[in-house]
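Okay, structure first, notes after.
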Amino acid sequence: MSTSPQGRPGPPDPRLFNEDLAPAAKRSWGTYSVFALWMSDTHAISNYAFAASLFVLGLPAWGVFAALLAGITIVYWFMNRMGHAGHRTGVPYPVLARASWGVYGANIPALLRAVMAVAWYGIQTWLASTAVVLLTLQIAPGLDAYHHNSVLGLSTLGWIAFMVMWGLQALLLTRGMEFIRKVQDFATGPVVWLVVLALALYLVIKAHGDISLTRSLTGLSGTVQLQQSLIAVSLTVATFLTLVLNYSDFARFTPSHRSYRRGNLIGLPVNFTAFAVVAVLVTAGTIAVFGEAIYDPVKVIQKINNPVVTIVGALAFIVATIGINVVANFVSPAYDFANLLPKYLDFKRGGMITAVLAVLVLPWKLYSSALVIQYFLGALGAFLGPLVAILLVDYYAVRRGRIDVDALFSADAAGAYYYRRGYNPKAVIAFLPAAAVSAALALIPFFHAVAPFSWVFGMSIAGLLYAAVSGRERAAAGTGPIPQGVIPSQVRGEVWEAAAEPERADVSAGPAAAQGS
């Protein structure tokens with residue numbers, strides 16, 4: 001974006017701008033929509049299994065709840081910090097990252113996030129397709145003959161189920177963010193609650209209420225319980241760092257600070273912990289009813305051995321997987337790829353690239369290889385802490401919330417975020433050693449005792465280094481309070497009233513999302 005002779009910003013640079021990357025014009029994600037967002041993400045089979053596995057490992061139920069509540073409260077704090085930046089700037093994560101990485105350098109963290117999201121998008125789609133296979137065989141057992149061959153690692157029925165899931169998600173995802181909000185408000189978030197509550201009620205009745213939530217199943221000592229609890233806290237945070245990094249993709253659509261803060265509160269500490277309670281209750285129920293601990297809800301449904309239950313349960317978890325895939329693994333790479341070539345790629349085209357790549361990586365082979373999961377996805381995950389640290393330290397400590405939104409779309413060499421040929425060397429200096437340490441701690445067997453905490457070391461090193469090398473900019477920003485109002489921008493030809501934060505447009509409950517400007 002250049003400056004006009006009259007002193008006003010000129011049009012944004014087409015190499016950095018399209019309508020999907022521009023500051024949000026419509027802000028319709030009220031409190032309930034943010035809450036539904038977190039229902040879609042936290043009601044995943046993986047989160048259910050994580051909570052249940054802690055109980056099976058030997059933590060008493062109260063210890064599981066305490067550890068998960070502590071971890072998700074830390075996540076809640078991070079989400080509010082990132083939400084503040086996303087709400088005020090109105091831009092998605094890769095555009096916000098231009099402030100710290102440079103207008104072109106932002107593609108580095110964006111593509112790291114995108115690669116990880118593509119892999120997990122494919123894996124989650126495949127996992128959902130296994131539920132489709134289960135559902136199909138329950139309805140038409142004769143199709144079992146097509147489930148025993150192999151084409152690139154999948155049976156004919158497996159391929160059909162995978163492509164059905166792929167197509168359903170593509171249909172949803174290409175409709176845009178507003179359509180995604182409406183679907184998750186009414187479907188992907190609430191439906192799993194109904195199923196797991198029904199499972200819990202069924203098992204409690206079958207066990208005649210004889211379910212213990214106070215004892216350790218394996219008799220772990222107090223010291224080991226404390227150790228496992230700390231690991232659970234850290235892994236809970238690590239699991240959500242992907243969404244911490246790109247939370248501005250969603251917070252940009254909120255009409256007020258209160259919208260995302262309340263939505264985060266209900267959706268994270270309250271909802272996540274309640275979901276964990278039910279997961280542990282169901283797992284304890286399987287011990288009483290089936291004589292073994294089953295912490296995969298799909299297998300619990302199979303154990304009940306009722307066609308109606310199987311069909312309803314499979315459909316519910318198919319919907320749940322779509323929900324988490326949209327939130328955690330689609331929105332971010334759609335924006336990330338759009339940021340790479342904004343002139344040619346918008347949100348929908350970036351999303352289709354994500355979907356196509358998710359097939360080409362043959363996700364069932366990725367998931368079946370412990371080596372790939374550990375070294376490829378594990379190493380990428382170790383980078384998340386440093387990336388989050390650089391973004392937050394830049395916004396809060398270096399710039400004190402003072403972002404020139406219009407300059408984020410300027411390729412002018414004199415622009416505020418052009419740095420050196422569009423790249424900020426200070427971000428690279430902070431990131432590389434921090435990522436190296438974090439990856440080493442996560443992957444080298446010698447450090448296995450601290451591996452669950454690798455993100456803490458990576459985040460601390462990156463944050464301290466970035467603050468140290470950005471001393472001059474930090475001094476120029478001053479020490480005043482961080483502004484609260486939406487940052488004015490003329491990118492769309494609209495001027496925001498910075499002081500007029502529309503708190504009154506918030507929605508505190510109910511599926512009707514708030515409308516804001």
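No side-chain donor-acceptor contact under 3.5 Å links R399 to the backbone of S100. Judged purely by atom type and a 3.5 angstrom limit, R81 has no side-chain atom pairing as donor or acceptor with the backbone of Y396. S489 places no side-chain N or O within 3.5 Å of a backbone atom of D406 that could act as its donor or acceptor partner. No donor-acceptor distance shorter than 3.5 angstrom exists from the side chain of S438 to the backbone of A434, with no hydrogens or angles considered. Checked by atom type and distance alone, the side chain of S410 never pairs as donor or acceptor with a backbone atom of A407 at under 3.5 Å. Formation of a donor-acceptor pair under 3.5 Å by the R113 side chain with backbone atoms of L245 is not found in this model.
Using modelled atom types and a 3.5 Å distance limit, the side chains of S234 and W455 yield a donor-acceptor pair. With hydrogens and angles left out, the side-chain atoms of D394 and W101 include no donor and acceptor closer than 3.5 Å. For the residue pair T239/T236, the side-chain donor-acceptor check at 3.5 Å is not satisfied. Counted by atom type alone, N80 and N264 present one or more donor-acceptor pairs between their side chains at under 3.5 Å.
Across all their heavy atoms, S256 and S259 have their closest contact at OG-OG, 2.9 Å.
Electrostatic pairing of D13 and R15 counts as a salt bridge here, judged by a charged N lying under 4.0 Å from a carboxylate O.
Of the residues listed (R252, Q484, R27), the one engaging H87 in a side-chain hydrogen bond (donor to acceptor under 3.5 Å, both in side chains) is R27, and it is the only one.
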Dump the intermediate steps for side-chain contact (heavy atoms from CB on, under 4.5 Å) on Y121 and L357, then the final yes or no.
-> CA-CA 9 Å; Y121 181 83; L357 291 177; over 6 Å; no
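The line from OG1 of T354 to CZ of F337 is 5.0 Å long, rounded to the nearest 0.5 Å. Going from atom CG of L112 over to atom CG of L387 covers 6.0 Å, rounded to the nearest 0.5 Å. Of the inter-residue distances, the one linking I403 atom CD1 with R98 atom CZ reads 12.5 Å to the nearest 0.5 angstrom.
Listed by chain and number, the residues in a side-chain hydrogen bond (donor to acceptor under 3.5 Å, both in side chains) with Q169 are T125, N325 (sequence neighbours excluded). With sequence neighbours excluded, the residues that form a ring-ring contact (aromatic ring centres under 6.0 Å, His included) with F272 are F240.
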